[in-house]
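A short write-up of the structure that comes next.
Order of the sequence lines fixes the chain letters, A, B, ..., with proteins taken first and strands second; residue numbering starts at 1 for each chain. Bear in mind that the values here come from a model prediction, so they are computed numbers and not experimental data.
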There are 2 protein chains.
Amino acid sequence: MRISTRARYGMRAMLALALDQGSAPLSVKQIAERQGLPEHYLEQLITPLRRAGLVQSARGAQGGYVLARAAEAITLQDVVEAVEGSFATEACDCPDGAPHLRGFCLEHALWHRLKQTVDDFLAARTLADLRDEALAAQSAAAPVYDI
Amino acid sequence: MRISTRARYGMRAMLALALDQGSAPLSVKQIAERQGLPEHYLEQLITPLRRAGLVQSARGAQGGYVLARAAEAITLQDVVEAVEGSFATEACDCPDGAPHLRGFCLEHALWHRLKQTVDDFLAARTLADLRDEALAAQSAAAPVYDI
DNA sequence: TCCAATTCCGATGAAATCACTAGAATTTAG
DNA sequence: CTAAATTCTAGTGATTTCATCGGAATTGGA
């Protein structure tokens with residue numbers, strides 16, 4: 001039960017885009033620099049984000065990526081699922097039952113419920129929440145004292 | 001964010017022991033057979049369970065493992081943490097701040113909270129809960145109709 | 001005492017994940 | 001049109017996790 005680097009890096013990249021909304025597209029290089037991520041690996045991670053329809057790409061010079069829709073409309077579960085591929089791939093082979101106790105399936109009794117808890121947690125939060133929290137923390141860290 | 005086989009196999013092994021409480025110790029071979037787990041790998045997983053004080057071993061012929069304390073006193077978090085090693089090993093390097101936005105740390109703002117949610121979920125359940133649920137499912141699947 | 005059943009320990013192979021490299025395709029700017 | 005910037009794709013190491021193997025140490029029973 002650990003958090004993959006795919007999820008962590010992917011989330012950082014999406015946050016970078018959320019913080020930059022409105023201006024020109026951000027290149028992978030810029031995202032990697034801002035978030036301290038390995039550039040070439042990030043390039044690889046952003047592909048599933050594009051395929052999932054979470055970001056939009058612009059090729060060529062001055063190209064890059066922007067969020068495909070408003071940060072309010074992208075849940076953190078969208079992001080994690082895009083880069084990790086549905087996570088619950090541990091399909092349960094209940095019918096056969098060989099590895100299960102008769103009439104009892106640990107996958108269903110425990111792990112699916114845990115997954116549901118995690119999904120609920122992530123689905124209840126959007127990129128906008130993260131963005132706003134980041135902005136609030138930034139302004140608190142560097143308040144303007146000029147009167 | 002996926003569930004490791006260490007956690008899944010370790011949990012199954014512990015459940016097997018919880019269901020067997022009171023009789024002779026279970027050997028790794030027996031546990032592996034009952035739960036359909038790779039025997040040699042399980043042997044490797046049970047070592048951290050022993051070191052964490054969750055199971056007690058008896059060496060030699062007729063040896064094996066028993067729960068070190070009552071199933072009611074072993075939370076699922078105890079089990080997962082024993083086999084996975086605290087899970088939150090993603091120590092945050094906030095002070096330096098290089099990979100973080102100024103005054104904002106995604107590890108703390110998101111992943112630590114998610115971890116806390118998972119920990120709460122697992123800590124609120126004990127092996128006894130799983131055992132009782134398994135027993136209930138078994139008797140429901142094979143009810144006694146003799147009057 | 002000897003044998004079989006075990007735990008226990010270390011090494012090795014196999015598969016997945018993490019990360020980098022190289023280069024083709026595409027687009028903007030001059 | 002050319003050059004630079006960039007996405008996009010495929011392939012290759014490096015590292016971690018998953019799983020097996022071999023064998024030493026320990027214990028109960030014949």
Report the distance from atom [atom1] of [X] to atom [atom2] of [N], rounded to the nearest whole Å.
{"X": "Leu45(B)", "N": "dA19(D)", "atom1": "CG", "atom2": "P", "answer": "9 Å"}
{"X": "His40(A)", "N": "dT6(D)", "atom1": "NE2", "atom2": "P", "answer": "13 Å"}
{"X": "Gln56(B)", "N": "dT7(C)", "atom1": "CD", "atom2": "C1'", "answer": "14 Å"}
{"X": "Leu42(A)", "N": "dA19(C)", "atom1": "CG", "atom2": "P", "answer": "11 Å"}

### Message
Between Thr5(A) and dT17(C), is there a contact of a side-chain N or O with OP1 or OP2 at under 4.0 Å?
### Response
no

### Query
Side-chain N or O of Tyr41(B) less than 4.0 angstrom from OP1 or OP2 on dT20(D)?
no

Once you round to the nearest 0.5 Å, how far does [atom1] of [X] lie from [atom2] of [Y]?
{"X": "Cys105(A)", "Y": "His112(A)", "atom1": "SG", "atom2": "NE2", "result": "6.5 Å"}
{"X": "Gln77(A)", "Y": "Asp120(A)", "atom1": "CD", "atom2": "CG", "result": "8.0 Å"}
{"X": "Asp78(B)", "Y": "Leu127(B)", "atom1": "CG", "atom2": "CG", "result": "8.5 Å"}

### Query
Is the backbone of Gln35(A) close enough, under 3.5 Å, to the side chain of Arg12(A) for a donor and an acceptor to pair up by distance?
yes

### Query
Does Asp129(A) reach the main-chain N or O of Thr126(A) with its side chain, forming a donor-acceptor pair under 3.5 Å?
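A pair under 3.5 Å: yes.
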
### Message
Pair Ile31(B), Ile46(B) - check side chain to side chain contact (heavy atoms under 4.5 Å, CB included), show working.
### Response
CA-CA 11 Å; Ile31(B) 298 172; Ile46(B) 216 164; 4.3 Å; yes

#### Entry: Estimated bend of the helix from dT1(C)-dA30(D) to dG30(C)-dC1(D) (axis per five terminal pairs, rounded to 10 degrees)
0°

### Query
Any idea which of dC20(C), dT27(C), dT20(D) is nearest the Pro38(B) side chain?
dT20(D)

### Message
Generate the contact string for nucleotides 7-16 of chain D. Rules: B means base contact, S means sugar-phosphate contact only, - means no protein heavy atom under 4.0 Å.
### Response
BBB-B-----

### Test: Arg6(A) cationic atom under 6.0 Å from Tyr9(A) six-membered ring centre, within 45° of axis
no

### Residue whose closest nucleotide on DNA chain C lies nearer the 5' end, Gln30(B) versus Glu39(A)
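On the 5' side of the pair lies Gln30(B).
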
### Message
Measuring only between side-chain heavy atoms, which start at C-beta, is Pro25(A) closer than 4.5 Å to Tyr65(A)?
### Response
no

### Message
Holding to side chain to side chain donor-acceptor pair (under 3.5 Å), I want the full list of residues that pass it with Asp132(A), two or more places apart in sequence or in another chain.
### Response
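In terms of side chain to side chain donor-acceptor pair (under 3.5 Å), with neighbours along the sequence ignored, Asp132(A) is linked to no residue.
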
